[in-house]
Amino acid sequence: MAVLLAGLWRAWQTGQADPWDWSIAVAGLMALIGFLLANRTIVMLISIALGVVAPVLVFCAMASGQLRLLPSLGLALTALLPLVAAAWLRHPPILRGRMAAMGMIVAAGAILYFGPPPSLAAADARPKLAVLTGLPLFWDEMSPAGTGPRDAPIITVLRTRFTILPLDDPRDLPGTGARRLLIAQPRALAPEQLVAIDTWVRAGGTALVLADPLLRWPSDLALGDRRRAPTSSLLQPLLTHWGVAPDRFESREVRQFLADDRLLTLSGAWLPHGRTMTARTIGRGTLLLIGDADLIDDRLWLADPAQPLNPRSWIADTPAALLLWLGAAAPAPRSWMRTPADVMLALRWAILVGTGWAMLGGALLWARFTDRDEEQKVKTSKGTRGKSV
């Protein structure tokens, strides 16, 4: 139970039901138990490892509705290897047992280091991506020295797959050489600028548009400040020209699961026909429309602002979804906890499995000690009779 609780703190932070979040706690506890119970049989050690791992895997499977093979196998090995290694270091049962134990420790360390998904690394080939936005994606609104350049975490992620080109005027698009365009809640555009975007898309460009009807992105800038992003999207004339009309509006913050199990967190979003994303062919180009710009705010997809490239620190799959929509490679979907009811049921079953396993182990251990006491009494009785004869 201690191991289950030790890993839950990270699960609560990210919303991920990832067995790797328990791996370090499992490895440390197993090493301690192996050292203390070094004189026990290998069967008992394996049963102890299973008793520690089983509640964690039950929780992950029931909370997320899936159980992935490799993380589960990795957790099992990080339990078994340190347990046996610590026991063999203290009481090696075979010749060169301590050398084998050292090999197990190295193997466990390699699993802990290489097993979890790695942070995103920059791709060799990074096509150009133009970005047109009124959001503070490239500057800090109120830094100690005033406004200044600073990449938002979502831009840090996009730079691993694209050469980012901040764009002030859409009429400059043809000269950038970019075939992809991210439009995220831009300020008011002149008619000729809207025409430039339309012409560029119809010529074969791909535009990912984040048009938010109710922007909730926090800002320290005063209302009316020209540097502040518009509260409501000003792209409706262009969207109407493309045949996209407002539909269902969701005022609450909602968690949306896509068809591939990727999770997005939306806030004050427009959901065309109840869908998160609408795709349309415009001339020879493509329009991808998301009725929310808040989803790229790191507060809605990142648990640790210092680790935007580490998928294990995400609280939503937003960066991966953007990469896929823009035609780049992205990490696999994470294992997300589904609903509070699923989490509570998973926690109850995990505690039940852990308690049941502990009770079963205790009963078997008690039976073994009882049998040993009976054998000792029989031996003592036989010895006494022999002396009397």
Side-chain angles (χ1 to χ4, degrees), residues 1-29 49-76 78-79 115-117 250-269 271 274 276 292 294-295 297-305 307-308 310-321 331-359:
M1 289 304 100
V3 170
L4 178 64
L5 295 176
L8 282 176
W9 72 272
R10 184 175 177 88
W12 297 149
Q13 283 183 325
T14 64
Q16 298 184 30
D18 185 357
W20 290 117
D21 289 340
W22 281 265
S23 57
I24 294 178
V26 166
L29 180 62
L50 292 176
V52 170
V53 170
V56 174
L57 297 184
V58 167
F59 174 80
C60 292
M62 298 190 69
S64 65
Q66 58 182 317
L67 186 63
R68 298 186 175 177
L69 178 61
L70 290 181
S72 302
L73 182 60
L75 183 66
T78 54
E250 182 62 65
S251 61
R252 301 175 296 113
E253 182 177 304
V254 295
R255 302 170 82 230
Q256 288 278 112
F257 283 94
L258 304 179
D260 60 357
D261 278 339
R262 296 185 192 274
L263 171 66
L264 301 180
T265 303
L266 309 177
S267 178
L271 302 176
T276 302
D292 187 35
D294 287 310
L295 84 165
D297 181 358
D298 55 280
R299 299 165 187 84
L300 295 185
W301 65 267
L302 184 59
D304 185 355
Q307 300 187 64
N310 184 0
R312 296 180 65 199
S313 295
W314 297 354
I315 57 177
D317 283 311
T318 304
R334 309 297 298 153
S335 296
W336 301 105
M337 299 183 197
R338 294 288 170 164
T339 66
D342 291 332
V343 174
M344 291 305 300
L345 183 63
L347 193 56
R348 291 192 187 107
W349 273 101
I351 293 174
L352 182 62
V353 168
T355 303
W357 198 283
M359 292 175 64

inquiry  = side-chain contact (heavy atoms from CB on, under 4.5 Å), that's the test. Do Leu266 and Leu271 meet it? Break it down for me.
reply    = CA-CA 10 Å; Leu266 309 177; Leu271 302 176; 3.6 Å; yes

- Query: Does the pair Asp292 and Glu250 meet the rule for a side-chain contact (heavy atoms from CB on, under 4.5 Å), with working shown?
  - Reply: CA-CA 10 Å; Asp292 187 35; Glu250 182 62 65; over 6 Å; no

- Begin with the C-alpha distance, continue with both residues' side-chain angles, and end with the deciding distance and a verdict on side-chain contact (heavy atoms from CB on, under 4.5 Å) for Leu75 and Leu57. CA-CA 9 Å; Leu75 183 66; Leu57 297 184; 3.9 Å; yes

Take Leu347 and Phe59 through the side-chain contact (heavy atoms from CB on, under 4.5 Å) test and state the conclusion after the steps.
CA-CA 6 Å; Leu347 193 56; Phe59 174 80; 4.3 Å; yes

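Although no hydrogens or angles enter the test, the distance criterion places a donor-acceptor pair under 3.5 Å between the side chain of Trp314 and the main chain of Pro308. Judged by distance alone, with hydrogens and angles left aside, the side-chain atoms of Arg255 form no donor-acceptor pair with the main-chain N or O of Thr339 at under 3.5 Å. One N or O on the side chain of Trp22 and one on the backbone of Leu4 form a donor-acceptor pair closer than 3.5 Å.
Rounding to the nearest 0.5 Å places CZ of Arg334 at 4.5 Å from CG of Asp18. How far OG of Ser64 is from CG of Asp261: 9.0 Å, rounded to the nearest 0.5 Å. Asp304 CG to Gln13 CD: the interatomic distance, rounded to the nearest 0.5 Å, is 8.0 Å. Trp301 CH2 to Thr265 OG1: the interatomic distance, rounded to the nearest 0.5 Å, is 11.5 Å. Rounding to the nearest 0.5 angstrom, the gap separating the OG1 atom in Thr318 from the CG atom in Asp294 is 11.0 Å. Note that the CG atom of Asp298 and the CG atom of Leu295 stand 12.0 Å from one another [nearest 0.5 Å].
In Ile24, the CD1 atom is not crowded: 12 or fewer heavy atoms of neighbouring residues, nucleotides or ligands sit closer than 6.0 Å.
Here the closest non-hydrogen pair linking Ala303 and Ile315 is CB-CG2, 3.7 Å. Residue Ala54 comes nearest to Val353 through the heavy atom pair CB-CG1, 4.1 Å, listed as atom of the first residue, atom of the second, then distance. The two atoms that bring Ser313 and Arg10 nearest to each other are OG-NH2, 3.9 Å, heavy atoms only. In terms of heavy atoms, Asp260 sits closest to Pro333 at O-CG, 3.4 Å. Taking both residues in full, the closest heavy atoms of Trp20 and Gly74 are given as CH2-CA, 3.6 Å, listed atom of the first, atom of the second, then distance. Considering every non-hydrogen atom in both Leu67 and Ala61, the closest pair reads CB-CB, 3.9 Å.
With Met62 as reference, Leu345 is the one residue of Leu345, Asp342, Val343 to meet the side chain to side chain contact (heavy atoms under 4.5 Å, CB included) rule.
At a threshold of 4.5 Å between non-hydrogen side-chain atoms, the residues Trp336 and Gln16 count as touching. Between Cys60 and Arg68, the closest side-chain pair of non-hydrogen atoms is not below 4.5 Å.
At a threshold of 4.0 Å, the pair Asp21-Arg312 counts as salt-bridged, since one of the basic side-chain nitrogens sits closer than that to a carboxylate oxygen.
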